[in-house]
Amino acid sequence: MMESFVFPGLATRVVFGSGTIARVGDEVRRLGHGRALVLSTPHQHGEAEALAASLGDLAAGVFAGAAMHTPVEVTERAVAAYRESGATAVVSLGGGSTTGLGKAIALRTGADQVVVPTTYAGSEMTDILGETKDGEKTTKRSPEIRPETVVYDVDLTLTLPVGLTVTSAMNALAHAMEAFYAPDRSPVITLMARDALVAFRDGIPALIADPRDKAARARALYGAWCCSTALGYVQMALHHKLAHVFGGSFDTPHAETHTVLLPYTTAYNEAVAGAELRPIADAFGADTAAGALWDFATAVGAPIGLSAIGIAEADLDRAAEIAVKNAYANPRPIDRASIRALLQAAFEGRRPEV
Ligand code: NAD
């Protein structure tokens, strides 16, 4: 029998294709704005300036200071630049760091956001903002955080280095994995999560062979949209919590942290949610979902094992302690000993057993 569900509807307008960056100006005007501040990281400053130049009078300037984990001191400088520029909207060009800065500005000023994602991290469709202050990361969920419009342009992802292509895809797949067993899942989200598996399964090996393969880039970016939507419309559980523990308390790099944890968090929950996670095993033709993700990660040369992100075996006790501090919903109950065992397996990096 069909499970009952509630689906809230998708709140964000999406423009997807090749060359779509040329439509950013129309999308800003469509939202009723005459001035928008363009945001980027220092690394993508050149691309942000080029976009601002193409926007002409619509561009109120460029702020190219976005940084990983949305530090509040950067946001404060960006909000000052935003107010001074006379903008009423932001255009966030880049990965999750730049999208995060746009969300932080929107939350404080009411700015509308047009996001142009250039990685597969998947922040653009969500109402989630993680911010850091004095070394502590806090996460908020609120409707004002969710971007109004997302312009996906495949051409902008052609320059994504192979290493980040792989870890960013694993980051996206983590959103799909947790969507399969989320208590508030619905058929639309489950369908998108299933489609994302196929998109990345086929797209990533092709991109390793040729990072500028446009058809494969389009598949991967489509997968990222599906995964971002999944993250934005259901609750996340153990996997995202653990990634947050390592990113927040051990300062590990975001996409790599998701990558090395994913097979082991999947195995932990697959023990009780085998039926829900079956689509992952099926999509990859493997015996288990956790095994499928480990096989895929290994085949595409992803980092394996917690030592790959600078974690020592001596850190595992403290990580387990932090991970069980606050309660949250998860298919399998969480206790310190089980989480410590999960972390040991993730440290050793062998193919997980379910
Ligand atoms: P990132 O945005 O920090 O980008 C990494 C680096 O790659 C940057 O220097 C960036 O300029 C560069 N880059 C991006 N796209 C490129 C391209 N196409 N070509 C060449 N270089 C490119 O990394 P990320 O993994 O996309 O984002 C991580 C951040 O996103 C974290 O802070 C994380 O917390 C956040 N995030 C938030 C959510 C959410 O819903 N709130 C979801 C996922 C990630």
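Computed over heavy atoms, backbone and side chain alike; hydrogens, waters and symmetry mates excluded. Numbering of ligands and ligand atoms starts at 1, following listing order.
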Ranking Glu256, Glu124, Met68 by closest non-hydrogen atom to atom 31 (C) of ligand 1, top hit is Met68
4.5 Å side-chain heavy-atom contact, Pro253 and Phe246
no
Considering only protein heavy atoms, which is closest to atom 26 (O) of ligand 1, and at what distance to one decimal place?
Thr119 OG1, 2.6 Å
Students should be able to answer this: which protein heavy-atom is nearest to atom 25 (O) of ligand 1, and at what distance?
Ala121 CB, 3.9 Å
What's the shortest distance from atom 24 (P) of ligand 1 to any protein heavy atom, and which residue and atom give it?
Gly96 N, 3.6 Å
Checking heavy atoms under 4.0 Å, the part of Lys137 that sits near ligand 1 is side chain
Looking only at protein heavy atoms, what sits closest to atom 1 (P) of ligand 1 is Ser97 OG, 3.4 Å
Arg278 to Phe180, cation-pi by 6.0 Å centre distance and 45° axis angle:
no
Test: Arg332 cationic atom under 6.0 Å from Tyr268 six-membered ring centre, within 45° of axis:
yes
Chi angles and distances behind the side chain to side chain contact (heavy atoms under 4.5 Å, CB included) call for Leu191, Asp195
CA-CA 6 Å; Leu191 282 167; Asp195 233 19; over 6 Å; no
Asp155 bridged to Lys214 by N-O distance under 4.0 Å
yes
Judging by distance only, is a nitrogen or oxygen of Gln44 under 3.5 angstrom from one on ligand 1?
yes
On the ring face of Tyr233, is Arg146 found with NZ or CZ under 6.0 Å from the centre and within 45° of the axis?
yes
For ligand 1, which part of Thr139 has a heavy atom less than 4.0 Å away: the side chain, the backbone, both, or neither?
neither
For residues His254 and His258, establish whether the separation of their ring centroids is below 6.0 Å.
yes
For Arg336, is there an ion pair with Glu321 - N to carboxylate O distance below 4.0 angstrom?
yes
Ranked by distance from atom 11 (O) of ligand 1, the top protein heavy atom is Thr41 OG1, 2.6 Å
Looking only at heavy atoms, is any part of His69 under 4.0 Å from ligand 1, and if so is it the side chain, the backbone, or both, or is it neither?
both
Is the shortest distance from a Lys or Arg side-chain nitrogen in Glu131 or Lys140 to a carboxylate oxygen in the other one below 4.0 Å?
yes
Is the closest N or O pair between Leu156 and ligand 1 shorter than 3.5 Å?
yes
Thr157, any N or O under 3.5 Å of ligand 1 N or O:
no
Residue and atom name of the nearest protein heavy atom (relative to atom 15 (N) of ligand 1), distance in Å to one decimal
Thr118 OG1, 2.7 Å
Checking the N or O distance criterion of under 3.5 Å, is ligand 1 in contact with Leu231?
no
Heavy-atom distance to atom 5 (C) of ligand 1: which of Leu164, Thr257, Thr165, Asp153 wins?
Leu164
N/O to N/O below 3.5 Å, does that happen between Thr98 and ligand 1?
no
What part of Thr126, side chain from CB on, backbone N/CA/C/O, both or neither, has a heavy atom under 4.0 Å from ligand 1?
side chain
Should Gln44 and Thr118 be marked as a side chain to side chain donor-acceptor pair (under 3.5 Å) after you check the CA-CA gap, both sets of side-chain angles, and the distance that decides it?
CA-CA 10 Å; Gln44 288 172 295; Thr118 63; 3.1 Å; yes
Is the contact between Ile128 and ligand 1 made by the side chain, the backbone, both, or neither, using heavy atoms and a 4.0 Å cut-off?
both
With nothing but distance in play, are any N or O atoms of Thr70 less than 3.5 Å from an N or O of ligand 1?
no
Could you pull out, from Thr159, Asp155, Thr99, the option with a heavy atom nearest to atom 17 (C) of ligand 1?
Thr159
Could you tell me whether the side chain of Thr41 and the main chain of Ala67 form a donor-acceptor pair under 3.5 Å?
no
Ring centroids only, cut at 6.0 angstrom: are Phe63 and Tyr82 within range, meaning strictly under it?
no
Side chains of Cys227 and Met125 in contact at under 4.5 Å (non-hydrogen atoms):
no
To the nearest 0.1 Å, how far is atom 39 (C) of ligand 1 from its closest protein heavy atom, and which atom is that?
Ser123 OG, 3.3 Å
